[in-house]
Amino acid sequence: MYLELEKRLAGHLRGVLLAKYEILLENIPMEIPPDLRFGELATPIAFELAKKLRKAPKVIAAEIVAALGRLEGFASFEPAGAGYINARLDRAAVVGMVAEGTGETLAESGVHALVEHTSINPNKAAHIGHLRNAILGDTFVRLLRAAGQHVAVQNYIDNTGVQVADVVVGFMHLEGKSLADVRLLLDELNSKGERIDYYCWDLYARISQWYEQGDAEENATRKKLRYATLHELEQGGNETSAMAELISTAVLRRHLETMLRLDIEYDFLPRESEILHLNFWSLAFEQLKQTGVLYFETDGKNKGCWVMTRPGADVTDGETNEDAKVIVRSNGTVTYVGKDIAYHLWKFGLLGRDFGYLPFFGYEDRACWISAEKGEANHPHFGGAQAIYNVIDARQSDPQANVIQALRGMGHISEADHYTHFSYEMVALTPRCAVELGYAIAEEDRGRAYIEVSGRKGFGVKADDLIDKLIAATRAEVDARQTGRDDEERQKIAKQIAIGALRYFMLKFTRNSVIAFDFKDALSFEGETGPYIQYAVVRARNIFRKAATDAEAVLAEFAGSDASRYLTDESDQDIWALWLRAGRRSLVLEQCINTSEPAHLAKHAFQLAQEFNNFYHKHHILTEEDAPRKLFLLATAAVALRELVIVLSWLGIESPEAM
RNA sequence: GCGCCCGUAGCUCAGCUGGAUAGAGCGUUUGGCUACGAACCAAAAGGCCGGGAGUUCGAAUCUCUCCGGGCGCACCA
């Protein structure tokens with residue numbers, strides 16, 4: 001409703017301004033006033049015009065108001081304050097629009113977007129930082145789809161990196177295991193219901209320490225071993241790479257299982273091993289050379305390398321650019337950014353080569369595919385996106401900027417413009433939380449607001465541990481309340497609430513605020529939390545259950561009735577506010593997409609729930625004796641319920657039947 | 001040294017393209033379960049929006065500067 005009326009008023013204003021002042025404005029600023037006393041929609045446009053027209057904003061506002069006439073959906077316009085133009089909406093019309101959901105469904109946009117998120121190195125268990133990444137990414141996918149875009153979801157797997165080599169070194173040299181031994185270990189863990197990613201978490205921490213434990217000579221040997229292993233791994237076709245493949249695939253499966261607990265699914269898992277073995281780089285290298293983005297350095301510290309100019313760098317002609325980014329080392333090998341450029345050319349369909357594809361992981365109604373050197377003949381199509389979103393933490397903004405710079409330099413301007421580094425800040429632990437987990441923390445860290453997690457040190461909160469803990473906590477609550485339900489039902493409810501709490505927790509912070517993680521906050525189910533919103537849904541559902549009807553039936557019966565008489569009293573303004581809030585869904589969605597910020601939607605859901613709870617408390621529906629008013633109150637609950645359920649689903653949060 | 005991010009109530013955070021009296025949650029104090037479920041609602045206290053300057057009719061928001069905190073700036077991956 002809001003989005004629709006906002007556009008309608010902006011269009012109308014544009015016409016009026018053109019006719020009256022011969023001014024054509026592309027953008028008419030619109031805002032929702034801070035208080036209903038100022039109406040429901042306002043524009044400060046007169047302030048902007050004041051200079052141009054050399055008149056007081058107040059005068060302009062009055063003139064515009066006089067020229068506005070009547071507009072469908074609006075009751076009146078008035079100049080206010082120092083020059084605002086306030087609009088009062090036609091309450092009956094608004095109620096009708098919100099009840100029907102007019103203007104809330106966005107049309108198919110035809111845009112093919114690609115969102116990449118999660119991308120956990122397959123050498124250890126997922127931790128809370130990865131949860132933030134995946135939840136942000138998955139929620140954004142839901143938002144893009146709600147906005148009518150076609151979205152493919154990718155989870156990039158760096159299976160040939162040094163992190164994987166490290167656990168391989170751990171298995172081979174710390175534990176003396178062969179490929180067959182590792183296979184046995186996997187079976188054994190599997191039969192005991194234990195997690196390989198947890199096993200690797202510890203092993204990775206041990207091996208990282210091991211590299212630094214010995215004397216200088218020993219450590220040098222160990223580092224050599226590390227890079228020899230990495231080299232074998234990149235080469236492929238040997239026992240080392242087979243072990244890496246075995247481990248990384250097993251850990252990857254665990255990550256997919258962990259994310260599935262949060263309702264997060266992927267379409268395609270491109271792996272670094274295929275980018276390597278299918279020689280994506282050689283094609284990219286040719287293009288980079290041809291377009292002059294890369295040049296061969298003949299002097300200075302980067303002598304013998306192929307380098308590119310960094311974004312924003314100030315290059316003086318003829319001088320050696322010491323600050324250039326090395327893409328191909330003097331020994332001929334390509335850096336990470338180089339491979340990433342090749343990969344991103346593929347994402348936009350500009351590389352001229354494709355992955356092979358194999359089905360890898362089964363979801364309820366479809367499969368998740370993985371890259372392969374030789375894939376199946378029949379496979380879905382990936383890559384070739386018009387817009388891409390890379391959900392990667394803020395620490396990686398430099399390399400991301402390099403890739404964008406390369407695309408731009410190659411002349412792929414539109415692609416560079418539609419490349420979004422969906423950046424977010426890390427999840428760190430509060431010192432108190434670290435102590436609670438039994439970690440010894442350094443004296444200097446004690447006074448800090450937060451301490452960064454580190455996989456290398458094995459320092460952090462594992463995703464599955466947190467989820468388990470949340471479910472245990474919600475289960476205890478459900479057990480206390482739902483005595484009439486059986487075990488299976490209770491567990492289902494407990495899970496829904498736990499996941500709701502977790503997803504909301506990760507989404508309520510805006511992207512560039514560091515989350516200082518604390519169990520006390522994360523395990524809270526009161527106040528601004530997922531369960532608070534879910535509880536509002538349950539309350540609304542109970543009304544319809546008790547009334548032996550449902551929201552759709554109520555809205556069908558309500559359709560066409562004039563509700564404006566229930567919205568005029570001072571005491572009914574909170575109901576009016578609730579209807580208005582219920583009509584903001586698409587407006588908030590648009591805002592979230594424009595700013596790549598799902599937190600706005602989380603806030604919207606909470607405010608809606610808050611206003612509903614207030615309404616619920618103040619107006620007792622089922623005992624209402626005036627039948628038309630009762631129907632109106634039921635319709636109010638119905639739109640609130642409908643909106644809450646939809647918005648929660650966009651946040652990836654289920655709406656329980658009871659809790 | 002260069003770049004990016006952050007600094008708003010005791011704590012954790014919102015505050016959309018600059019707009020009307022700066023808002024939530026938690027915590028504290030107080031009141032409300034014989035009415036649709038109290039994982040709830042209501043009320044109170046709590047703020048020089050880090051400091052300063054500037055732009056503007058108007059600044060928490062934009063610019064500059066200083067202070068405090070974080071993260072990046074490899075031929076590592």
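When reading the values below, keep in mind they use all heavy atoms of this one structure, side chains included, and skip hydrogens, waters and symmetry mates. As the structure is a computational prediction, the values presented were derived from the model and not from experiment. In what follows, every chain begins at residue 1, and chains take the letters A, B, ... in the order their sequences are listed.
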Point to revise | Distance-only donor-acceptor test, Gln482(A) side-chain atoms vs rG37(B) base atoms, 3.5 Å | key: yes
Review point. Tell me, do Arg456(A) and Tyr204(A) make a side-chain contact under 4.5 Å, heavy atoms counted?
Key: yes
Practice item. Name the pairing partner of rG58(B), where a pair is Watson-Crick or G-U wobble with both distances under 3.5 Å, or state none. Key: none
Practice item. Please state whether the rings of Phe615(A) and His619(A) are parallel, tilted or perpendicular, taking 30° and 60° as the class boundaries. Key: tilted
Practice item. State plainly whether the residues Arg629(A) and Asp572(A) are in salt-bridge range, i.e. N to O under 4.0 Å. Key: yes
Point to revise | Distance between C1' atoms of rG46(B) and rC64(B) (Å, rounded) | key: 33 Å
Check your understanding: Heavy atoms under 4.0 Å, any strand shown: does Asn86(A) hit a base, just sugar-phosphate, or nothing?
Key -> base
Point to revise | Within 45° cone of Phe612(A) ring axis and under 6.0 Å: Arg539(A) NZ or CZ | key: no
Study note, to complete from the structure: rC2(B) -> Watson-Crick or G-U wobble partner, both distances under 3.5 Å, gives rG72(B)
Exercise for review: Look at the side-chain N and O atoms of Lys630(A) and state whether any lies under 4.0 Å from the OP1 or OP2 oxygen of rC36(B).
Suggested key: no
Point to revise | Span that lies between the P atom of rG27(B) and that of rA22(B), in whole angstrom | key: 26 Å
Practice item. Scan Phe606(A) against the nucleic acid and name what it touches under 4.0 Å (heavy atoms): base, sugar-phosphate only, or nothing. Key: sugar-phosphate
Review point. Once you round it to whole Å, what is the distance between C1' of rG23(B) and CG of Asp35(A)?
Key: 13 Å
Check your understanding: Which part of the nucleic acid does Glu26(A) contact within heavy-atom distance under 4.0 Å: base, sugar-phosphate only, or nothing?
Key -> nothing
Could you pull out the protein-nucleic contacts involving nucleotides 14-17 of chain B (nitrogen or oxygen on both sides, under 3.5 Å)?
unit_1, atom_1, unit_2, atom_2, d
rA14(B), OP1, Thr510(A), N, 2.8
rA14(B), OP1, Thr510(A), OG1, 2.1
rG15(B), OP1, His600(A), NE2, 3.1
rC16(B), O4', Gln591(A), NE2, 3.2
rU17(B), O4, Met30(A), O, 2.8

Point to revise | Pairing of Lys495(A) and Glu654(A) as salt bridge, 4.0 angstrom limit | key: no
Check your understanding: Would a 4.5 Å heavy-atom cut-off, applied to side chains only, mark Asn390(A) and His344(A) as touching?
Key -> yes
Check your understanding: Is the closest side-chain donor-acceptor distance between Asn613(A) and Tyr532(A) under 3.5 Å?
Key -> yes
Exercise for review: Using both distances under 3.5 Å as the test, list the Watson-Crick or G-U wobble partner of rU34(B), or none.
Suggested key: none
Check your understanding: What is the nucleic acid contact for Pro34(A), judged by heavy atoms within less than 4.0 Å: base, sugar-phosphate only, or nothing?
Key -> base
Point to revise | Test log, rule side chain to side chain donor-acceptor pair (under 3.5 Å), inputs Glu528(A) and Tyr504(A) | key: CA-CA 9 Å; Glu528(A) 194 186 343; Tyr504(A) 193 88; 3.2 Å; yes
Exercise for review: Decide yes or no for Phe519(A) and Val461(A): does some side-chain heavy atom of the first lie under 4.5 Å from some side-chain heavy atom of the second?
Suggested key: yes
Practice item. Before accepting this row, confirm whether a basic side-chain N of the pair Asp518(A)/Lys520(A) lies closer than 4.0 Å to the acidic partner's carboxylate O. Key: no
**Study point:** rU34(B) to rU30(B) separation - C1' atoms, rounded to the nearest Å
**Key:** 24 Å
**Study point:** Interatomic distance where CG belongs to Asp521(A) and C1' belongs to rG10(B) [whole Å]
**Key:** 15 Å
**Study point:** Same-atom distance (P) from rG58(B) to rA53(B), integer angstrom
**Key:** 16 Å
Review point. Between His620(A) and Pro33(A), which has a closest nucleotide on RNA chain B that is more 5'?
Key: Pro33(A)
Practice item. Give none if rC64(B) has no partner; otherwise give the nucleotide forming a Watson-Crick or G-U wobble pair with it, both distances under 3.5 Å. Key: rG52(B)
Revision key, fill the gap. Protein heavy-atom contacts under 4.0 Å, written 5' to 3' over nucleotides 67-77 of chain B as B (base), S (sugar-phosphate only) or - (none), form the string ---SSSSSBSB
Check your understanding: Atom CD of Glu528(A) and atom P of rU12(B): how far apart are they, to the nearest Å?
Key -> 15 Å
Check your understanding: Above 12 or not: heavy atoms from other molecules or residues under 6.0 Å from NZ of Lys223(A)?
Key -> yes
Exercise for review: Please indicate yes or no: is the ring centre of Phe38(A) less than 5.5 Å from the centre of the six-membered base ring of rA20(B), with the two planes inclined by under 30 degrees?
Suggested key: yes
Practice item. Describe the nucleic acid contact of Ala449(A) in one word from base, sugar-phosphate, nothing, applying a heavy-atom distance below 4.0 Å. Key: nothing
Check your understanding: What is the distance, rounded to the nearest whole Å, between atom CD1 of Ile621(A) and atom C1' of rG37(B)?
Key -> 14 Å
**Study point:** Between C1' of rA20(B) and CD of Glu78(A), the distance in whole Å
**Key:** 13 Å
Exercise for review: Between rC73(B) and rU65(B), how far apart are the C1' atoms? Round to whole Å, please.
Suggested key: 24 Å
Exercise for review: Decide yes or no for Arg642(A) and Arg585(A): does some side-chain heavy atom of the first lie under 4.5 Å from some side-chain heavy atom of the second?
Suggested key: yes
Point to revise | Euclidean distance for C1', rG54(B) against rU12(B) (whole angstrom) | key: 33 Å
Exercise for review: At under 4.0 Å between heavy atoms, which parts of nucleotides 38-46 of chain B does protein reach? Answer with one letter per nucleotide, 5' to 3': B base, S sugar-phosphate only, - none.
Suggested key: SBSSS----
Check your understanding: Heavy-atom distance under 4.5 Å between the side chains of Leu143(A) and Pro598(A), does that happen here?
Key -> yes
Check your understanding: Hey, does Lys618(A) reach any base, or is it just sugar-phosphate, or nothing, if we go heavy atoms under 4.0 Å?
Key -> nothing
Point to revise | Length of the line joining Leu601(A):CG and rA24(B):P, which is rounded to integer Å | key: 20 Å
Exercise for review: Considering only atom P, compute the distance from rA44(B) to rG25(B) and round it to an integer number of Å.
Suggested key: 13 Å
Check your understanding: Which one is paired to rG10(B), where only Watson-Crick or G-U wobble pairs with both distances under 3.5 angstrom count?
Key -> rC26(B)
Practice item. Assess Arg226(A) against Tyr211(A): is NZ or CZ under 6.0 Å from the centre of the six-membered ring, and within 45 degrees of the ring's axis? Key: yes
Practice item. With the side chain counted from C-beta on, respond yes when Val307(A) and Tyr295(A) share a heavy-atom pair under 4.5 Å apart, and no when they do not. Key: yes
**Study point:** Nearest-Å distance for atom pair CZ/C1', residues Phe505(A) and rC13(B)
**Key:** 11 Å
Check your understanding: Looking only at atom C1', what distance separates rA20(B) and rG37(B), rounded to whole Å?
Key -> 40 Å
Exercise for review: Describe the nucleic acid contact of His604(A) in one word from base, sugar-phosphate, nothing, applying a heavy-atom distance below 4.0 Å.
Suggested key: nothing
Point to revise | Gap between atoms CD1 and P, on Ile515(A) and rU12(B) respectively (whole Å) | key: 14 Å
